[in-house]
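The structure displayed is predicted, hence computed values, not measured ones.
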Amino acid sequence: MKTQPAQLPQLLKKGLAPVYLVSGDEPLLVQECCDQIRKAAREAGFHDRLTFHADHQLNWSTVADEFNAMSLFAEKRRIEIHLPTGKLGDGRPVLEQVLQQPPEDIILLLISTRLDAAETRRKWYKELQGKGVHVPVWPVDADKFEGWLQQRANRQGLHLTRGSLAMLAERLEGNLLAASQELDRLALLTNGNTIDEETIEQAVQDSSRFNGFELVLELLAGRAPHAGKMIGVLQQEGENPLGLLAVLNRDLNLVAELRAAAGQGENPTAFLKKRGVFQPQRARVLERAARRLSPGQLQQATRLCSQIDRAAKGFDDLSPWHYLRDMSALLAAKS
């Protein structure tokens with residue numbers, strides 16, 4: 001069966017299925033769904049955990065042996081298999097056999113990127129639909145992001161004014177990882193007090209030196225030396241490049257749209273306000289980037305975003321930070 005992330009907690013209270021598949025391209029939401037399943041499994045006595053990554057080095061016969069092994073002390077186990085490409089490949093026969101008669105002492109958790117239509121027509125997936133639960137995780141739509149942010153703030157006991165919520169949504173639009181981190185930080189900083197626009201402004205300023213949002217502005221402004229320093233610090237601090245990539249990709253698309261609108265005589269300031277850009281600093285950077293960057297540079301930047309995404313997900317020999325440095329040089333070059 002399929003269920004939505006919001007319905008998962010109630011479903012878990014009714015009892016555990018032998019197999020779960022959590023799939024999607026939003027790392028934060030995928031992780032949270034998996035954590036709920038793990039917690040329910042631990043509470044049901046499934047304490048031991050084995051983890052496999054379905055890359056080209058995985059020996060699927062090892063996975064099959066684990067499912068066929070009888071536990072000496074009859075311990076319940078959790079087996080997690082990460083599917084970075086969303087495909088089972090050589091593992092299909094193993095999973096098909098397991099899903100025909102799932103072991104009673106094992107909970108299987110499959111963690112995947114978004115599945116394509118072809119994979120959902122495979123035999124293993126049809127078996128899973130009959131025996132287990134698929135939790136497809138979809139991105140939060142732009143028009144629902146503020147509501148998602150409010151709901152999450154409420155869960156953490158944070159009290160935001162309408163203006164502070166709008167400001168926070170503008171700065172974090174579509175970046176769920178950054179939104180979660182920012183709310184955690186606000187919870188520590190505000191100590192239960194109401195959060196207004198001034199609090200948001202001050203809190204973001206306090207961390208702006210080395211955050212992903214500031215890096216995106218530096219990249220679009222063509223300030224390569226400072227951007228390079230920030231890339232190095234963010235890499236050392238273990239920043240998730242997928243979070244800042246979402247912001248960079250969004251703003252590159254906005255610059256391209258602004259460039260086209262200005263070419264048709266539309267006022268850039270009015271255009272940006274219509275698109276929800278109210279911060280003067282960000283508006284200035286976007287407007288100047290639209291004048292400075294050529295269509296060719298913007299196309300190359302979009303291709304680099306795809307390479308960064310692949311590298312961050314482990315599908316490239318080079319690191320995503322290498323490609324971000326290439327992005328810095330590209331966006332600083334004169335057209």
Side-chain angles (χ1 to χ4, degrees), residues 139-150 152-153 160-183 186 195-223 226-227 230 242-295 297-299 301-302 304-305 308 324 327-328 330-332 335:
V140 177
D141 292 338
D143 60 344
K144 296 178 181 176
F145 180 67
E146 190 170 309
W148 179 88
L149 201 59
Q150 177 70 77
R152 200 172 185 88
L160 295 107
T161 64
R162 184 177 294 276
S164 67
L165 178 65
M167 181 181 290
L168 201 57
E170 178 193 337
R171 295 186 177 190
L172 301 173
E173 181 185 352
N175 192 338
L176 305 191
L177 282 170
S180 177
Q181 293 167 358
E182 192 67 32
L183 290 175
L186 285 169
I195 300 168
D196 57 16
E197 293 95 321
E198 185 178 351
T199 305
I200 298 293
E201 189 69 42
Q202 188 62 45
V204 172
Q205 283 178 353
D206 286 344
S207 64
S208 65
R209 185 178 176 189
F210 298 125
N211 69 32
F213 305 105
E214 185 70 11
L215 173 58
V216 170
L217 290 181
E218 293 296 288
L219 290 170
L220 291 174
R223 293 190 281 263
H226 190 220
M230 295 182 71
L242 289 173
L244 67 91
L245 178 61
V247 179
L248 176 59
N249 202 38
R250 178 198 68 186
D251 281 1
L252 283 170
N253 289 332
L254 196 54
V255 167
E257 292 172 12
L258 175 57
R259 197 178 191 283
Q264 296 176 356
E266 190 167 349
N267 181 277
T269 303
F271 174 86
L272 290 173
K273 285 184 177 179
K274 279 196 302 185
R275 298 302 302 273
V277 179
F278 300 107
Q279 289 175 270
Q281 181 190 10
R282 183 176 171 225
R284 282 195 300 271
V285 170
L286 292 171
E287 193 172 339
R288 289 170 184 170
R291 291 198 302 265
R292 185 174 57 83
L293 298 172
S294 68
Q297 282 175 294
L298 292 171
Q299 289 172 5
T302 300
L304 263 180
C305 283
I308 295 167
L324 275 166
M327 179 74 76
S328 177
L330 169 65
L331 296 179
S335 59

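With rounding to the nearest 0.5 angstrom, the CZ atom of Arg284 is 10.5 Å from the CG atom of Leu217. Expressed to the nearest 0.5 Å, how far NE2 of His226 lies from CG of Leu215 amounts to 9.5 Å. Here the CG atom belonging to Leu248 is positioned 5.0 Å from the CE atom belonging to Met327, to the nearest 0.5 angstrom. Here the straight-line distance linking atom CG of Leu304 with atom CG of Leu245 works out to 10.5 Å at 0.5 Å rounding. Between Glu257 atom CD and Asp251 atom CG the span is 11.0 Å, to the nearest 0.5 Å. Distance check: Leu219 CG to Leu252 CG gives 8.5 Å after rounding to the nearest 0.5 Å.
For Arg223, the side-chain hydrogen bond (donor to acceptor under 3.5 Å, both in side chains) partners at least two apart in sequence or on another chain are Glu218. For Arg162, there are no side-chain hydrogen bond (donor to acceptor under 3.5 Å, both in side chains) partners at least two apart in sequence or on another chain. In this structure, Glu146 has no salt bridge (charged side-chain N to carboxylate O under 4.0 Å, His left out) partners at least two apart in sequence or on a different chain. Applying the side-chain hydrogen bond (donor to acceptor under 3.5 Å, both in side chains) criterion to Asp196, with sequence neighbours excluded, gives Thr199. Taking Glu198 as the reference, nothing meets the side-chain hydrogen bond (donor to acceptor under 3.5 Å, both in side chains) condition, with sequence neighbours excluded.
Residues Leu244 and Met230 form no side-chain contact, since every pair of their non-hydrogen atoms from C-beta on lies 4.5 Å or further apart. Put simply, the side chain of Leu149 does not reach to within 4.5 Å of the side chain of Leu160, judged on heavy atoms. Between Arg250 and Val216 the shortest side-chain heavy-atom distance does not fall below 4.5 Å.
Formation of a donor-acceptor pair under 3.5 Å by the Arg292 side chain with backbone atoms of Leu331 is found in this model. Distance alone, capped at 3.5 Å, places no donor-acceptor pair between the Ser328 side chain and the Leu324 backbone. A donor-acceptor distance shorter than 3.5 angstrom exists from the side chain of Ser164 to the backbone of Ile195, with no hydrogens or angles considered.
Residues Ser180 and Arg152 approach most closely at OG-NH2, 3.6 Å, considering heavy atoms. In this structure, Ala169 and Phe145 approach most closely via the heavy-atom pair O-CE2, 3.6 Å. The minimum heavy-atom distance between Asn249 and Cys305, with the atom names listed, is OD1-SG, 3.8 Å. Taking all atoms of both residues into account, the shortest heavy-atom contact from Ala153 to Leu183 is N-CD1, 4.1 Å. Nearest heavy atoms, Gln297 versus Leu330: NE2-O, 3.1 Å.
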Please report, to 0.1 Å, the donor-acceptor pairs under 3.5 Å made by any side chain of residues 260-271, with sequence neighbours excluded.
unit_1, atom_1, unit_2, atom_2, d
Glu266, OE2, Lys274, NZ, 2.9
Asn267, OD1, Thr269, N, 2.9
Asn267, OD1, Ala270, N, 2.9

Pair Arg259-Leu298, side chain to side chain contact (heavy atoms under 4.5 Å, CB included): steps then yes or no
CA-CA 10 Å; Arg259 197 178 191 283; Leu298 292 171; 4.2 Å; yes

